[in-house]
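Let me begin by presenting the structure, written as structure tokens, before commenting on it.
Given the structure is predicted, the values throughout are model-derived calculations rather than measurements. Scope of the values below: all heavy atoms of this structure, side chains included, with no hydrogens, waters or symmetry mates.
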Amino acid sequence: MEKNLAALILENQELQQRIRPQRVEFYSINFNNTLHWQPGRVGKGEDITYFVQYKVYGQSSWKNKEECWQIHEGLCDLTYETSDVREPYYSRVKSVSAGVHSNWTISCRFTPWRETIIGPPSVTVTPRNRSITLKLKAPSSPYKRKKGSKISMAYFYHLLYQVFLINNLPNEKHKMLVYEGTDKVFKIENLKPGVSYCVVAKIFVAVLDRSSAYSRKECTVPL
């Protein structure tokens, strides 16, 4: 009997370690903050459920994320639980299989303001006489004002826009920086009429020394 009990305890301990979630990490784009993790060494057909908790750094007690309690997916949206973007947070995940609970696996400290990836601006181009007018718009955060409109990422950072012009002449194709600044409306002049030009833009945040990806390429033909 004692041997059977000891074997059962050992088996449960091995299962606890085997199913423990791995690589618990935050991924954040424009303050859409999602916790991701990898499963442990889960056997084929093994039923695994996950439980997620979070807290602000320095707090003693953890809070359950109800929508991510006893779930099967390997991710959990914590956008609104981490909405004070300058606060540092932790999250942790445990798994359960066959009534056996793993230990918790804790994420690294996550501060949204420092770690979120800022997306590219949207760009609208309008052809003019030998010129192009561009309208730039910063991406939106998921957070809303009292009236319901989403708060721009420009509210949280000083954004610098960088605009690049691509001409499509067969012998001159190249990308050239034509504007760097904070203006949201910009005009590119002295272009050749009837020639196709494309523009891309990105955002630079000096305080983080970080650039966004390039925007989608937008093309037009000056009049």
Side-chain angles (χ1 to χ4, degrees), residues 25-36 75-87 89 110-223:
E25 299 172 336
F26 277 94
Y27 290 86
S28 178
I29 299 177
N30 299 325
F31 297 137
N32 291 282
N33 306 326
T34 308
L35 190 72
H36 293 244
L75 58 87
C76 176
D77 187 348
L78 291 170
T79 296
Y80 293 97
E81 289 73 19
T82 53
S83 60
D84 189 340
V85 298
R86 289 182 177 269
E87 283 281 8
Y89 298 90
F110 168 67
T111 306
W113 188 85
R114 292 188 177 278
E115 297 178 52
T116 198
I117 295 170
I118 297 171
S122 63
V123 181
T124 304
V125 298
T126 304
R128 304 293 185 190
N129 184 30
R130 293 179 176 268
S131 66
I132 300 171
T133 299
L134 284 76
K135 186 176 181 181
L136 306 169
K137 184 180 179 182
S140 297
S141 77
Y143 308 123
K144 296 181 179 181
R145 296 182 175 85
K146 291 181 179 180
K147 293 183 178 180
S149 60
K150 287 190 174 182
I151 300 173
S152 170
M153 293 298 288
Y155 174 81
F156 301 95
Y157 304 93
H158 179 73
L159 304 182
L160 188 72
Y161 297 100
Q162 297 174 328
V163 178
F164 299 82
L165 177 68
I166 307 167
N167 75 41
N168 292 316
L169 290 171
N171 299 323
E172 300 180 22
K173 185 174 288 189
H174 63 279
K175 181 166 63 179
M176 178 174 60
L177 178 66
V178 292
Y179 175 73
E180 186 172 54
T182 58
D183 292 341
K184 296 178 183 177
V185 178
F186 173 70
K187 192 174 185 180
I188 305 174
E189 299 182 294
N190 301 318
L191 302 178
K192 296 179 181 180
V195 174
S196 174
Y197 291 88
C198 299
V199 294
V200 292
K202 63 180 181 178
I203 289 171
F204 179 70
V205 183
V207 70
L208 299 177
D209 192 23
R210 189 182 307 160
S211 293
S212 75
Y214 284 105
S215 67
R216 187 175 65 182
K217 184 166 65 174
E218 299 290 344
C219 301
T220 191
V221 178
L223 304 178

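T79 places a side-chain N or O within donor-acceptor distance of the main-chain N or O of N33, the cut-off being under 3.5 Å. Although no hydrogens or angles enter the test, the distance criterion places a donor-acceptor pair under 3.5 Å between the side chain of R210 and the main chain of R114. No donor-acceptor pair under 3.5 Å is formed between the side chain of Y179 and the backbone N or O of K187. With Y80 contributing its side chain and P142 its backbone, the two residues share a donor-acceptor pair below 3.5 Å. Judged purely by atom type and a 3.5 angstrom limit, Y197 has no side-chain atom pairing as donor or acceptor with the backbone of S131. Checked by atom type and distance alone, the side chain of T116 pairs as donor or acceptor with a backbone atom of N30 at under 3.5 Å.
Distance CG/N32 to CG/L78: 12.0 Å, rounded to 0.5 Å. Rounding to the nearest 0.5 angstrom, the gap separating the CG atom in L165 from the CD1 atom in I188 is 5.0 Å. The CD atom of E25 sits 13.0 Å away from atom CG of L75, with the distance rounded to the nearest 0.5 Å. The distance from atom OG of S196 to atom CD1 of I166, rounded to the nearest 0.5 Å, is 10.0 Å. To the nearest 0.5 angstrom, F31 atom CZ is 7.0 Å from I118 atom CD1. For the atom pair K217 NZ and K175 NZ, the distance stands at 9.5 Å (nearest 0.5 Å).
By the 4.5 Å heavy-atom criterion applied to side chains, K202 and S212 are counted as neighbours. With contacts defined as side-chain heavy-atom distances shorter than 4.5 Å, the pair V205/F156 does not qualify. Under the 4.5 Å side-chain criterion, counting only non-hydrogen atoms from C-beta, R130 is in contact with P193. At least one side-chain heavy atom of L134 sits under 4.5 Å from a side-chain heavy atom of V123. Counting only heavy atoms from C-beta outward, the side chains of F110 and S28 approach each other to under 4.5 Å. Proximity of F26 to P112: side-chain heavy atoms (C-beta onward) are nowhere separated by under 4.5 Å. Residues R145 and I151 are in side-chain contact: their nearest non-hydrogen atoms beyond the backbone lie under 4.5 Å apart. Here the side chains of Q162 and E180 are in contact, with some heavy-atom distance below 4.5 Å.
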Next item on the list: Show your reasoning for whether side-chain contact (heavy atoms from CB on, under 4.5 Å) applies to K137 and T124.
Entry: CA-CA 9 Å; K137 184 180 179 182; T124 304; over 6 Å; no
Check: How far apart are the C-alpha atoms of D84 and Y89, what are their side-chain angles, what is the distance that settles it, and do they pass the side-chain contact (heavy atoms from CB on, under 4.5 Å) test?
Finding: CA-CA 10 Å; D84 189 340; Y89 298 90; 3.3 Å; yes
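Results of the side-chain contact (heavy atoms from CB on, under 4.5 Å) test with F186 over V199, T133, I132, V178 single out V178 as the only residue that passes.
Between Y143 and Y155, the ring center distance fails the sub-6.0 Å criterion.
Closest non-hydrogen pair, P139 versus P120, comes out as CD-O, 3.8 Å. Contact detail for Y157 and L208: the closest heavy-atom pair is CE2-CD1, 3.6 Å. The two residues L136 and A201 have their closest heavy-atom pair at CD2-CB, 4.2 Å. Pairing each heavy atom of I203 with each of P121, the nearest pair is CG1-CD, 3.7 Å.
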